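These numbers were taken from a predicted model, which means no experiment stands behind them.
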Amino acid sequence: MSGGEFLLEVLCEEVPANALPEVREQLTAGFRAALTEAGFSGFDVASISTVRRLIVSVSGLPEAQPDRDEEVTGPPVKAAYSGDGSPTQAALGFAKALGIEVGDLRVARGPKGDVIAGTRHLQGRPTPEVLGETTASVFAGLRFPKTMRWGCGEHLFVRPVHNVVALFGTKSLRTQVPVTVFGVAAGTSTVGHRVIAPGRIELAGCKGLADYVARMRQAGVVVEPAERARLLTEQATRLAAEVGCEVLPDPGLVAEHVELIEHPGVVRGEIEGRFLDLPEEVLVTTLRHHQKCLVLQREGTVAPYFLAVADRADDPEGHVRRGNEWVSGARLTDASFFFAQDRKTSLEEHAKRLDGVLVHQKLGTYADKVKALGKLMPALAVGPAKDVNEDELSLAARLAKADLVTAMVGEFPELQGVVGGIYARLDGVPEIHWQAVYDQYRPAGLDGPLPRGPLGVVLGIADRLDTLAGMFAAGEVPSGSKDPFGLRRAALAVVRICAETHYPLHLAGAVERALQVRSAISEGTASDARDALSEFMRERVRHYLTGAAGVSGAVADAVLEAGWDVVPDVVARARALEAVRQEPVFADLAVVFKRVRNLVSKSGSGRASDGLLREPAETALLEALASVEASVTAAVRSGDHGAGLRALAQLAAPLDRFFTDVLVLCDDTGLRDARLALLARVEALFLRLADPSRLTPQN
């Protein structure tokens, strides 16, 4: 080890899998911030975990905290000094508290006026002492989705704590760090895997994190998440190959498996042949969502096997395998029953019961939503969806929510939409319709596949816009971090669908139409809801640009200022601007265009009268503008936004000369209006692509 190392292990009952990745980040950030504030530098923090252990290692620490000086402010100057400038008792007491002479005090600017200040010298304390305080404060500040109380209820944490190890040392960890975590005092020993090696393990004398990892591995505990993932994948691949199969890729489930265990183990089970007649989506969902089992496939089809994770290396008596087979068989039996019951009725017949299912108290039933979709979808059928006729739109709307009343979705709600698509396909509904129903919830925000086909695009956008319009009209607007109806995710999905399917929908108009359809439930004025929802959608477009499209915030703002609601066009302009903004002329262009915008916004757009413009700088700008307008128009028409932006750059020099040689706001009213009109024409041309004044050397 270079310097000293601190090792902390907090052993508790099983922590929920979804909380562990985030808590590792919190631990790393918390220790790094606290130790930096305490004056330490040059150290490294690593956080790892198992389902029962939270582990932190801090290396590169000195044996004692560095001495440091702390700037401290005191009472106001008026209270510190008398009229003749002599120090009062307040100043004397403040200096004494800092351990300095009163003459070493100085005047500093405080939030409410001048105060006295001084420098306090703090002598460093032993590192273990500081680490104890740091550990207690960091753990007290950890945040989890859910917490619990135990014992007499005095402690609040994710799970009850059973054991704490806190050691510090240079060549070996022998110094016990004094700390108590949720009522449990730190010691020097831990326990191994509860089945493989349940005895105690003495860690005093451990030579650091690597030695700790090795000792725990011998005791059946693999503490590193990455190593557990590797071992799980290796075993799963081997067990699948033994029966001529491959594992159906599911990185999300594998990541969850990693957080469920301390010792990686995988067991292969069998699926009864009678269940293979179920739709593949039902099989996979039953095994994945309800049993957390990986599915095997052979030649692209689900095979009669699954893989279950086990917190041990083997299953000598087959208990784990039989238990998983029994439970999964029961779940699949339920699925088979529900499937058979649902198939006694066509999907259109199921749809007739939607008037008994409430969407929201203010939005009515799903039957009402289906009617709203039927009115909204024709207005959204643009571009590649123009050829979709009204009968096709109407059928997709009628079938979209029908599966919500089926027994299958009642038992497996995560299959909504998918079940509707399957049932529509089995009913003989044309592919364009059943695929649209199947894909209506795709994507979930920025993740997942997109809808297949133009009808799926229209249905997916209409469904989300109707929800957004209804909720905004009803006053259910997200605020702060609260978004109980997932409206941000819905809006982002609309933006992503438009961007990645190149769907040329004008979102501002679509928002207005959606609000018109839901106008009966509006609690405020129509314009208030329209403005709020339009701004909400604009914010999601910006989020997509800076997140998925990877452009800077300044570039996003520049292109949004020139228009935000045709998303494919916005994305294309943003990527083009990001590509050309580093070219030298754009720095000058940003400055000069800012002058254009300021003048037009403050003094108006004037009245065109080119005949009055006779100055050489005016005529030069007029000529350059005519040429650039033609170039920009051609570039925009062809979709070459980079060429359009480079064409705009040709106006930098004529504009600079214009502002140098011409007084825009002259006394001659007609001439002033003509010059302002020329600048307004320049502004309008720029705003076909972007507002370069938003770009500065700093952003």
Side-chain angles (χ1 to χ4, degrees), residues 337-381 388-430 432-442 451 455-456 458-476 484-487 490 493 510 513-523 529:
F337 173 77
F338 296 137
F339 181 73
Q341 290 296 108
D342 288 342
R343 293 299 301 140
K344 293 177 181 179
T345 306
S346 70
L347 191 62
E348 284 225 59
E349 286 297 314
H350 284 300
K352 294 177 181 178
R353 295 188 286 132
L354 288 173
D355 57 0
V357 184
L358 193 67
V359 177
H360 182 276
Q361 187 175 4
K362 297 177 182 178
L363 272 64
T365 67
Y366 274 98
D368 297 322
K369 185 172 184 64
V370 166
K371 292 177 184 176
L373 291 177
K375 295 177 182 178
L376 180 58
M377 288 174 67
L380 307 185
V388 181
N389 62 50
E390 289 197 18
D391 289 341
E392 291 174 323
L393 295 171
S394 177
L395 179 58
R398 291 200 310 273
L399 297 179
K401 304 302 175 183
D403 67 352
L404 296 178
V405 296
T406 63
M408 185 67 78
V409 170
E411 183 69 13
F412 302 100
E414 58 272 16
L415 283 176
Q416 61 182 338
V418 172
V419 164
I422 293 171
Y423 289 175
R425 183 183 66 207
L426 295 174
D427 286 343
V429 171
I432 187 176
H433 297 97
W434 72 253
Q435 283 188 351
V437 174
Y438 190 107
D439 295 346
Q440 64 184 289
Y441 299 106
R442 295 178 172 179
L455 183 56
V458 175
L459 177 59
I461 293 174
D463 182 28
R464 293 170 174 88
L465 282 182
D466 174 65
T467 297
L468 287 160
M471 289 298 182
F472 270 71
E476 298 283 4
F485 301 105
L487 300 184
R513 177 57 182 150
L515 286 166
Q516 288 171 357
V517 170
R518 289 290 189 172
S519 60
I521 63 173
S522 181
E523 292 192 346

- So, for Ala510 and Leu465, which heavy atoms are closest and what is the spacing to 0.1 Å? CB-CD1, 3.7 Å

- What do you reckon, is CD of Gln341 surrounded by more than 12 foreign heavy atoms closer than 6.0 Å? yes

- Task: Taking side-chain contact (heavy atoms from CB on, under 4.5 Å) as the test, write out the residues that go with Thr345, two or more places apart.
- Result: Glu349, His350

- Task: Return each pair, listed once, that meets side-chain hydrogen bond (donor to acceptor under 3.5 Å, both in side chains) where at least one residue sits in residues 368-381; pairs must be two or more places apart or across chains.
- Result: Thr365-Asp368, Lys369-Asp463, Lys369-Asp466, Lys369-Thr467

- Message: I'd like to know if the side chain of Arg464 reaches the main chain of Leu487, judged simply by a donor and an acceptor atom lying under 3.5 Å from each other, with no hydrogens or angles considered.
- Response: no

- CE (Met408) and CD1 (Ile422) are apart, to the nearest 0.5 Å, by 8.0 Å

- Backbone N or O of Asp391 within a donor-acceptor pair of the Ser394 side chain at under 3.5 Å? no

- Message: Please identify which of these residues, Arg343, Glu348, His433, meets the side-chain contact (heavy atoms from CB on, under 4.5 Å) condition with Asp427.
- Response: Arg343

- What's the shortest heavy-atom distance between Arg513 and Leu376, and which atoms? CG-CD1, 3.6 Å

- Task: Check for a donor-acceptor pair, side chain of Lys362 on one end and backbone N or O of Ala474 on the other, with a separation under 3.5 Å.
- Result: yes

- Task: Check whether any side-chain heavy atom of Val458 sits under 4.5 Å from a side-chain heavy atom of Leu393, and report yes or no.
- Result: yes

- Residue pair Gly364 / Leu358: nearest heavy atoms and the distance that separates them: O-CD1, 3.4 Å

- Going by atom types alone, do Tyr423 and Asp342 pair a side-chain donor with an acceptor below 3.5 Å? yes

- Query: Hey, does Met377 have a side-chain heavy atom less than 4.5 Å from the side chain of Leu455?
  - Reply: yes

- Task: Indicate the atoms forming the closest heavy-atom contact of Pro413 with Gly410, along with that distance.
- Result: CD-O, 4.2 Å

- Name all residues meeting the side-chain contact (heavy atoms from CB on, under 4.5 Å) criterion together with Arg442; count only those two or more places apart in sequence or in a different chain, and write none if there are none. Tyr438, Asp439, Pro449, Arg452

- Do the non-hydrogen side-chain atoms of Val429 and Val437 ever get within less than 4.5 Å of each other? no

- Working to the nearest 0.5 Å, report the span between CZ of Arg425 and CD of Gln435. 9.5 Å

- Message: Please check: side-chain N/O of Arg518 versus main-chain N/O of Ala473, any donor-acceptor pairing under 3.5 Å?
- Response: no

- Query: Which pair of heavy atoms, one from Leu373 and one from Leu459, lies closest together, and at what distance?
  - Reply: CD1-CD1, 4.3 Å

